[in-house]
Amino acid sequence: MWRKTLSLVLAVLFLTLLAHLNPTGAEAKEKPFVFGMLLVGPYNDHGWSQAHYEAGQYVEEKVPGAKMVYIDKVNPAERPGITIPQLVDDLVEKGAQLVIANSDDMKDGIREAAALHPKTFFIHVSGDDVLTGKAPKNLANIMGRMEYGKMMAGFAAALTTQTGKIGYLGPLVNEETRRLAASCYLGARYAWEKVLNKNPMDLSFKVTWIGFWFNIPGVTADPTQVAQNFVNSGYDVIVSGIDTTEALVVARQKRQEGKDVWAIPYDYKGACAGAETVCLGVPYFNWGPAYVPFFKAVMDGNWKQEWLWLGPDWKNINDPDTSHVGFLSGPALPQTAQAHLDTFIKNLGTGGLELFKGPLDYQDGTPFLKAGEVATDQQIWYMEQLLKGMTGASKAK
């Protein structure tokens with residue numbers, strides 16, 4: 001009996017040793033590729049930050065071994081005294097080999113963090129440090145050509161408004177937000193003049209800035225109040241340029257009060273949910289297809305520093321695997337407007353229609369583009385003012 005027992009014990013010991021030498025199952029899996037994400041707002045804001053968070057989930061799905069860790073609400077109001085390098089230190093300690101910073105106001109901090117962590121790779125969304133030569137070699141920049149999405153938003157707004165008054169709910173004022181507001185205006189003006197055959201002088205396009213990407217009580221203007229002021233002043237379409245959904249909420253409330261009001265949210269493809277009666281559509285970012293090549297390059301040892309300004313896939317601007325920018329029409333968009341919008345999108349995609357083409361003047365009358373001149377990427381990226389015909393501040397007070 002004791003021999004059988006001894007044999008059994010030896011067999012168990014042998015199998016245990018073999019398992020350690022030749023692991024199987026979960027133990028045999030490769031170490032995950034951890035990536036970190038810094039989100040300026042809540043991960044579930046139905047806007048800018050949620051679009052990035054879901055792109056991180058897309059990466060986990062498409063890149064074997066990828067695992068996301070994230071820190072959201074990365075802004076001075078909600079994390080006072082906490083710096084971007086400190087947050088990056090935390091992500092690196094958790095194993096992050098690549099870190100994504102998703103806001104323009106993280107620009108200086110993420111550049112500093114990249115210099116402090118030369119063996120970690122960084123993607124800064126919306127920045128231009130690669131363009132200007134300030135970026136360390138382990139830092140890349142990406143941005144979507146949302147200018148096209150904003151043109152579509154403006155086009156839909158102009159075809160829907162009954163008062164000829166469109167309000168643009170803007171965040172803070174910088175080059176990015178100026179060019180996006182201007183793109184929206186150009187789309188609206190084109191629809192007003194070329195489709196509706198109306199005098200562009202009769203179109204009112206007003207921009208009101210709140211001071212940040214979303215509401216910070218006591219710091220920014222209240223976007224709900226700004227949206228209400230638009231409606232109370234006769235503006236019946238509100239186009240949002242902020243990260244959150246106040247424009248839709250106010251429009252829905254006013255509709256329930258019996259007013260014909262519509263809104264166009266921003267950033268996130270699911271933003272219309274719950275406001276179908278007023279939502280004309282949403283221009284949104286699709287970051288997943290932009291992220292994936294960077295991850296594969298790092299994992300393969302082929303990292304390349306790049307500045308990428310990525311546009312729609314014109315074959316299908318809403319293809320989740322190929323298009324970096326999209327526009328989903330909303331339930332409230334009139335059917336006749338949809339037909340015109342389809343033609344407008346097609347013409348943008350073929351290059352047959354160019355809205356950033358002169359003559360165009362800045363708000364103060366200074367020439368932006370001469371007659372027949374088509375803007376370069378640099379001219380659009382670094383817009384100095386809003387355009388003539390727009391109402392609102394071109395610079396922060």
Side-chain angles (χ1 to χ4, degrees), residues 40-41 47-49 51-52 102-105 107 125-128 141-158 166-191 205-214 223 226 237-247 263-269 271 280-287 309-312 317 324-327 345 348 354-356 360 362-363 368-369 375-396:
V40 67
W48 173 264
S49 289
H52 286 278
N102 89 325
S103 185
D104 179 73
D105 54 287
K107 183 176 184 177
V125 177
S126 79
D128 63 353
N141 293 129
I142 63 171
M143 187 56 180
R145 290 184 184 263
M146 180 48 73
E147 290 69 22
Y148 289 116
K150 289 295 189 182
M151 290 174 186
M152 298 168 199
F155 187 91
I166 300 169
Y168 189 92
L169 182 59
L172 48 81
V173 190
N174 62 18
E175 291 156 337
E176 174 189 335
T177 60
R178 281 194 293 264
R179 68 176 183 261
L180 292 177
S183 298
C184 188
Y185 167 70
L186 290 174
R189 192 182 72 171
Y190 182 85
F205 190 98
K206 182 178 181 180
V207 181
T208 300
W209 309 101
I210 68 166
F212 198 63
W213 302 105
F214 45 81
V226 171
V237 181
I238 306 171
V239 181
S240 180
I242 67 174
D243 289 1
T244 44
T245 58
E246 284 85 351
I264 299 177
Y266 181 39
D267 291 325
Y268 176 59
K269 63 184 179 181
L280 298 179
V282 56
Y284 68 93
F285 291 99
N286 183 37
W287 298 106
W309 198 7
L310 301 165
I317 65 171
H324 305 285
V325 174
F327 185 91
I345 293 172
L348 286 175
E354 178 56 71
L355 297 189
F356 274 105
L360 286 177
Y362 278 132
Q363 198 175 48
F368 172 48
L369 297 172
T376 64
D377 281 355
Q378 293 269 47
Q379 286 174 306
I380 297 172
W381 186 268
Y382 293 113
M383 282 193 70
E384 299 174 4
Q385 299 180 37
L386 299 180
L387 296 175
K388 187 176 180 180
M390 304 173 70
T391 302
S394 279
K395 299 183 184 299

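Quick caveat: nothing in here was measured; it's all calculated off a predicted structure.
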Not counting sequence neighbours, which residues clear salt bridge (Lys or Arg N to Asp or Glu O under 4.0 Å) with K107? List them please.
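Counting only residues at least two positions away or on another chain, K107 forms a salt bridge (Lys or Arg N to Asp or Glu O under 4.0 Å) with D128.
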
Not counting sequence neighbours, which residues clear salt bridge (Lys or Arg N to Asp or Glu O under 4.0 Å) with E147? List them please.
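Salt bridge (Lys or Arg N to Asp or Glu O under 4.0 Å) list for E147, sorted by chain: R179.
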
What residues form a side-chain hydrogen bond (donor to acceptor under 3.5 Å, both in side chains) with [X], not counting sequence neighbours?
X    : result
S126 : none
T208 : none
T376 : Q379
Y266 : none

Where the side chain of [X] meets the backbone of [Y], is there a donor-acceptor pair that is under 3.5 Å apart?
X    : Y    : value
S394 : Q385 : no
D267 : W48  : yes
N102 : V40  : yes
Y148 : P312 : no

Does the side chain of [Y] come within less than 4.5 Å of [X]'s, by heavy atoms?
X    : Y    : value
T245 : S240 : no
M151 : F356 : yes
L172 : D105 : no
F205 : L386 : no
P171 : W209 : yes
F214 : E246 : no

Rounded to the nearest 0.5 Å, how far does [atom2] of [Y] lie from [atom1] of [X]?
X    : Y    : atom1 : atom2 : answer
I242 : I210 : CD1   : CD1   : 4.5 Å
D243 : Y268 : CG    : OH    : 14.0 Å
R178 : Y382 : CZ    : OH    : 12.0 Å
M152 : I345 : CE    : CD1   : 4.5 Å

Give me the ring orientation class for F285 and W287: parallel if the planes are under 30° apart, tilted from 30 to 60°, perpendicular past 60°.
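The rings of F285 and W287 lie parallel, inter-plane angle below 30°.
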
Nearest heavy-atom neighbours spanning [X] and [Y]:
X    : Y    : answer
Q363 : G392 : NE2-O, 2.8 Å
A375 : I380 : CB-CG1, 3.6 Å
G144 : W309 : O-NE1, 3.4 Å
A396 : V173 : N-CB, 4.0 Å
A263 : A247 : CB-O, 3.6 Å
P265 : G281 : CD-O, 3.2 Å

Should R189 and L387 be marked as a side chain to side chain contact (heavy atoms under 4.5 Å, CB included) after you check the CA-CA gap, both sets of side-chain angles, and the distance that decides it?
CA-CA 11 Å; R189 192 182 72 171; L387 296 175; over 6 Å; no

Assess whether side chain to side chain contact (heavy atoms under 4.5 Å, CB included) is satisfied between M383 and Y362, documenting all intermediate values.
CA-CA 9 Å; M383 282 193 70; Y362 278 132; 4.1 Å; yes

Given V237, I238, T177, L180, the one that forms side chain to side chain contact (heavy atoms under 4.5 Å, CB included) with Y168
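Of V237, I238, T177, L180, side chain to side chain contact (heavy atoms under 4.5 Å, CB included) with Y168 is met by L180 alone.
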
Could you walk me through whether E175 and D104 pass the side chain to side chain contact (heavy atoms under 4.5 Å, CB included) check?
CA-CA 11 Å; E175 291 156 337; D104 179 73; over 6 Å; no

